[in-house]
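Note that these values count all heavy atoms, side chains included, but never hydrogens, waters or copies made by symmetry. Chain A is the first sequence line, chain B the second, and so forth, proteins listed ahead of strands; every chain is numbered from 1. All values reported here derive from a predicted model rather than from experimental measurement.
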Amino acid sequence: MILTKAQYDEIAQCLVSVPPTRQSLRKLKQRFPSQSQATLLSIFSQEYQKHIKRTHAKHHTLEAIESYYQRYLNGVLKNGAAPVLLELANEVDYAPSLMARIILERFLQEHEETPPSKSVINSMLRDPSQIPDGVLANQVYQCTVNDCCYGPLVDCIKHAIGHEHEVLLRDLLLEKNLSFLDEDQLRAKGYDKTPDFILQVPVVMLCPLAVEGHIIHWIESKASFGDECSHHAYLHDQFWSYWNRFGPGLVIYWYGFIQELDCNRERGILLKACFPTDIVTLCHSTA
Amino acid sequence: MAAVLESLLREEVSVAAAVRWIARRTQSSEDSPGEAAVLRSLRPLRKEFVPFLLNFLREQSCRVLPQGPPTPAKAPGASATLPGRPGGPPRGGRGARSQLFPPPEPPSPAAEAPLARRGGRRRGPAPARERGSRGPGGPEEGVGGESLPWAGARRLRGSGSPSSPSLALCDPPNLSNLEEFPPVGSVPPGPAGRTKPSRRINPTPVSEERSLSKPKTCFTSPPISCVPSSQPSALDTSPWGLGLPPGCRSLQEEREMLRKERSKQLQQSPTPSCPTPESGSPLPSRTGSLTDEAADPARVSSRQRLELVALVYSSCIAENLVPNLFLELFFVLQLLTARRMVAAKDSDLEPGPGVLESVGSPLFQSIHDCVFFAVRVLERQFPVLSYLDKGTLKLLAENERLLCFSPALQGRLRAAYEGSVAKVSLVMLPSAQAVSFQPETDNRANFSSDRAFHTFKKQRDVFYEVLREWEDHHEEPGWDFEKGLGSRIRAMMGQLSAACSHSHFVRLFQKQLLQMCQSPGGAGGTVLGEAPDVLSMLGADKLGRLRRLQERLVAPQSSGGPCPPPTFPGCQGFFRDFILSASSFQFNQHLMDSLSLKIRELNGLTLPPHEPNDDEGEADVDWQGERRQFAMVLLSLRLLAKFLGFVAFLPYRGPEPPPTRELQDSILALRSQVPPVLDVRTLLWQGLRARRAVLTVPWLVEFLSFADHIVPLLDYYRSIFSLLLHLHRSLVLAQEREGEMCFLNKLLLLAVLGWLFQIPTVPEDLFFSEEDQSDGFQVDAVSSEYGLDSVPVVDQQLLYTCCPYIGELRKLLASWVSGSSGRSGGFVRKITPTTTTGLGAQPPQTSQGLQAQLAQAFFHNQPPSLRRTVEFVAERIGSNCVKHIKFCQKKSPGAVRALLPEETPAAVLSSAENIAVGLATEKACTWLSANITALIRREVKAAVSRILRAQGPEPAVRGERRGCSRACEHHAPLPSHLISEIKDVLSLAAGPRDPEEGVPPEHLEQLLGQLGQTLQCRQFLCPPAEQHLAKCSVELASLLVADKIPILGPPAQRRLERGQARRLLHMLLSLWKEDFQAPVPLRLLLSPRNVGLLADTRPREWDLLLFLLRELVEKGLMGRMEIEACLGSLRAAQWPEDFSEELATLFNLFLTEPPLPEPQLRACELVQPNRGTVLAQS
């Protein structure tokens, strides 16, 4: 789903201060019925993450933590079964999973002799039954399953999506008889930068209306929507580095991207939202 | 000079004898005693003859070429003569070549004085004047006599007062002008007692036009009309980028001064004191009424005189007595294409008294004379002309003046044009390609530490980031390399602490340099052994045409005149500026080491020797390859040598030579003990001995072009220059003996050497002062009978690529055709398609072009050896094929396979093999196309492709099935989708939820069914996903047991039916048992949290839990003991009292039940104290 900058901005505009819940997503889908759900979720997730990055610090001041903790304690004292923590997170415009982490950390500080390690906290977030306090366990669990942008489940889903698209791409390459080296093989050979796939024999991708085709040496799969922020970060950390070593290549943003970002074609970084169909390989007969 | 010409005219001396005399050959028996006597008497003048002649011609032509043609070669330096010139003013230029003219005149007044500037070799519209150049009592006085009437015009002018106010006002002695005040002794003294003519400084009207054609101007200051694309900034135009004062500005100032001066003069005198209108500012009178004067052979005046001078001049050119062949050709073409005489009569021009007392008339009295002279010279230069590119030949052949004056020459030119295949294209490829990462040299094993490895990783990225930024911005006005990138470059260089890192970076830098800058424009191009060969072999014909068109549209219009200063065009500017901005001693040292090594390596490369072969066919095929390889090597060498010269001489580089003799001596003493960065003298010697001058000299010239002022004075380099001068003289084009150097090889050397001799740091008298040139040059080429020199390795493409300034000839002719001459400051490009087929008719994207692109890209990321192997195989097999007409596809793969390392991946091998087959076939076809009819060629190609198709592509290696069954089509839902779906159910169950939210019961069933499919396919499953799925499935089970899943349906029935729940639990049990490969955290079923879910339900229903526990045991998913332990620990938790009791009951029940299946279910029902309405069903 390739969006123009204007289309993208329209969607992003609707996401300001929307909590990352199931209900919000449902509303978003209703608002933009023509867009694919995966694209909307990806955009939502990225926009929300940007928002959290901007506001993260203010939720982590000592004062803020203390105030959240007190509100949590008061809340569960009144009614332990009520979604105290989730509502607190939504009220202060912070991700529920992250709020759960703050409270859990604070709780453990109070109840344990040694300050909790990060891995202990992560483990408890993954499996709340390890949390010594049953009420808190339920509250934390409620937060993590209701958060659609953060949390162990979301992390796992993202990881799975990334993996699945790499597999998908690999299968497409095999189907097309294109021989390649994957990331693991490249790492084993000592490459310092490793795209998902390097084609051992490059191909040309033809584009309608373009005079010349584009040579592709490598392909990177991105199971997300390519917005400006993430694309620029990827360009700097990955795509240009690949170009610097292997020449021109292709990035597939499976959930689409902002059309205007596809501006480095001539230079050698091509964006697509799917596996290109019009590919020319080095013919085995040149006669 | 005049005396010599006079003798010639009187037929006392034959032209041949005169030229022999000039060339300082030993007198031949052909010379008559009378000739010998005449010439002997003139001996002291011999050395000055050629410079005189050149200057004379320029002066004579200045009325026709008001913008001032390029100047002749450097005149012998006058410095040596200066000290010995009593009373001679220390200023006053370094002498005039026309000194030998009958009595020189006192300096002329006014107008031109301010125009004379240092190095001013530009010609003014008015006949030039000598200014302070006449040494009183010099031996040259009276020598020439005044007998040559036509030469006497010189003395007619200059009648004005030497103390002209304007002279005093505008031309104050400029002590910092090193040309006017040459450092004493800066030039090796000539033969004792000989007084050389001081160099003439020619007044020049300031003019934007033609400024590019003035070599000296170019050298001393950048051209005014900088080519915008390649030379964006003033700094950029200075080849060494040392921030020389931008010449453009100084010229601007000068022009301003001139304008003021002129207006002053106009005010002073009602009649124009200046004989010609200023050429720079297009006066309406000139531009408005400008019509080209028709040239008429019938109106040529004094034919004999013109013939004679043309003959002498041509002979000098032919004998390489002129420093720069192409400069002379350019001049002659300027005469040919002169538009009109500036003014008809001297009387009109020079109103001053005494002007008309001419003893003779000028050489060129009309356009007719000019054209006549030019055509006569061109006739004699036909061999050179015939080797020019096809475009130039066409323009020459179509020149109507040429046709009119010499139909015979025109006929020969037309024939040459028709027979020519020398289409020249200075290809400019688009943007840069990066140097490919090669694990063999670039991986961790090549670095001393992890840190060094990662630092270099970052540096590579910064380097390209900087390069891309440069590409994007360097053409923007106001963008400055140092400001934009300097600090980033230095920060990056600062990280290169270890020497090992430096060498890595330098390798990258050098490779990138070669990759980007080999092509003429430097705006892309090919790497050694890369692109064009494959491109051309694979028949990138359409692509090539497209490129040529592109080139026409984007190429800078001028390369900077017929003799431009050394520059760093296009991308080379980036590397130059990078070196300057980095200003890193270590980097420079490593770079010099690396460049030197690569130069040695390439210079010593064994290019396939040309064996005389009976088999014409094979020889032909070989030559093609040889030429291509030679061009690659030569262009690489030139580029590397240029940068080596730049870096090596960088510390010594300055705009001007040392101001005093003492200083110079001390510098010389210092410098003479510094060993040369690369032993170029030995390499030159070896090159000459091995008859490889055609390879060695062009890069050596590039290297030397960056030498500083001191270098040519150092013994080491003096001997090199001396060798080069000998070589230059020996390259007589007319001599083509067996085993001699090929014509185009010679032409290339003449062009590059001629260019070198014009470089300002090369002493001006170097060319003419060299004595006994013919004697000293005896290189006994013993080592190789068939050296490269005698192999036709140079073609026009290479010649023009190395010397783009030769293209100025074509531009000059084209501007004549287009009707807008250089007057308007630049040539209008006329696009004349060079191909007969229309460009638009063909789709640009031919499959051949694509294939060529792909083949090139393929090699890019492979080690260079792979490409060499493929090309080698193709070359040899191709030759063999032609010999034996067998075919290629059988032999090539085997050969490639045998030559490549065993570990080469199958796909790479197969591609390499196929490219080799293609190349070999193509090579064979190329030969065939020249020899066999098109019909047979098609047959051959068809046969080859038939066989190749029959072979078919190799089957692809399929990936392993990752645990799926063979029949699996991988259509199962994606794990991420399932996790997300289950998460939704979990979140609904955990709440909060809207009243209308719920799960349709069939959805749960469907979900578990999908989970089963996904777990069975496993194609997309990764371990973390499976773990999460396992955990989620356990949570689902707990929710089912506790009846916590909100079901969508009629309000009364918001709970799952028991039977449905049991069915779902069965499905889960089966998944756990059969499908999950990751461990399933079943103990969570009995975690206090999950069991606690039951606590809220009223009435509590334990049967599902008991059912689940028993099934777990029965299916062997959990052991009884394990469950007992879990239940035991559950009891320890805090529960409501009733819940604790029920839990205890369940515990007992589970314990007492014998581990047998069916009947126990009923028992469970019986013991259930608060049994729900729905009983367990079997």
For the residue pair A:F239 and A:Y242, does the interplanar ring angle fall in the parallel (under 30°), tilted (30 to 60°) or perpendicular (over 60°) class?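 Answer is tilted, since the angle falls between 30° and 60°.
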Side chain, backbone, both or neither: which part of [X] has an atom under 4.5 Å from a heavy atom of chain A?
X       : answer
B:S1087 : side chain
B:R460  : both
B:E1035 : side chain
B:L1084 : side chain
B:F463  : neither
B:P992  : both

Determine the option with the most heavy-atom pairs under 4.5 angstrom with chain B, choosing from [options].
options                       : result
A:V280, A:L86, A:D192, A:L186 : A:D192
A:S179, A:C156, A:A160        : A:C156
A:L153, A:T144, A:V154        : A:L153

NZ or CZ of A:R267 within 45° of A:W243 ring axis and under 6.0 Å: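 No, a cation-pi geometry is absent between A:R267 and A:W243.
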Just by distance, do the side chain of [X] and the backbone of [Y] share a donor-acceptor pair under 3.5 Å?
X       : Y       : answer
A:Q142  : B:A990  : yes
A:E164  : B:L974  : no
A:Q185  : A:D182  : yes
B:W1135 : B:P1088 : no
A:T194  : A:R187  : no
A:D133  : A:L136  : yes
A:E220  : A:P195  : no

For a quick check under 3.5 Å, do [X] and [Y] share a side-chain donor-acceptor pair by atom type?
X      : Y      : answer
B:Y464 : B:Q512 : yes
A:S241 : B:D461 : yes
B:Q438 : B:S436 : yes
B:R993 : A:N146 : no

Check whether [X] gets within reach of chain B through its side chain, its backbone, both or neither, counting any heavy atom under 4.5 Å.
X      : value
A:L168 : both
A:P202 : both
A:F246 : both
A:H165 : neither
A:D147 : backbone
A:I161 : both

With a 4.0 Å cut-off on N to O distance, would you call B:K1031 and A:D127 a salt bridge?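 A:D127 and B:K1031: not salt-bridged.
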Chain A contact residues among residues 980-987 of chain B, heavy-atom distance under 4.5 Å: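 Listed by number: B:S980, B:K983, B:D984, B:L986, B:S987.
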Under 4.5 Å, heavy atom to heavy atom: which of residues 19-30 of chain A reach chain B? Give them by number, or say none.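 Residues in range: A:R22, A:Q23, A:R26.
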So, do [X] and [Y] sit near enough that their side-chain heavy atoms are less than 4.5 Å apart?
X      : Y      : answer
A:L104 : A:L125 : yes
A:I198 : A:F180 : no
A:I43  : A:Y255 : no

Just give me the residue among [options] that pairs up with chain A most often, heavy atom to heavy atom, under 4.5 Å.
options                           : value
B:P1081, B:C1032, B:C1022, B:A445 : B:C1022
B:L854, B:V435, B:L508            : B:L854
B:F456, B:F858, B:F453            : B:F858

Between A:Q139 and A:Y72, which heavy-atom pair has the shortest distance, and what is it?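 Minimum heavy-atom contact is CG-CE1, 3.9 Å.
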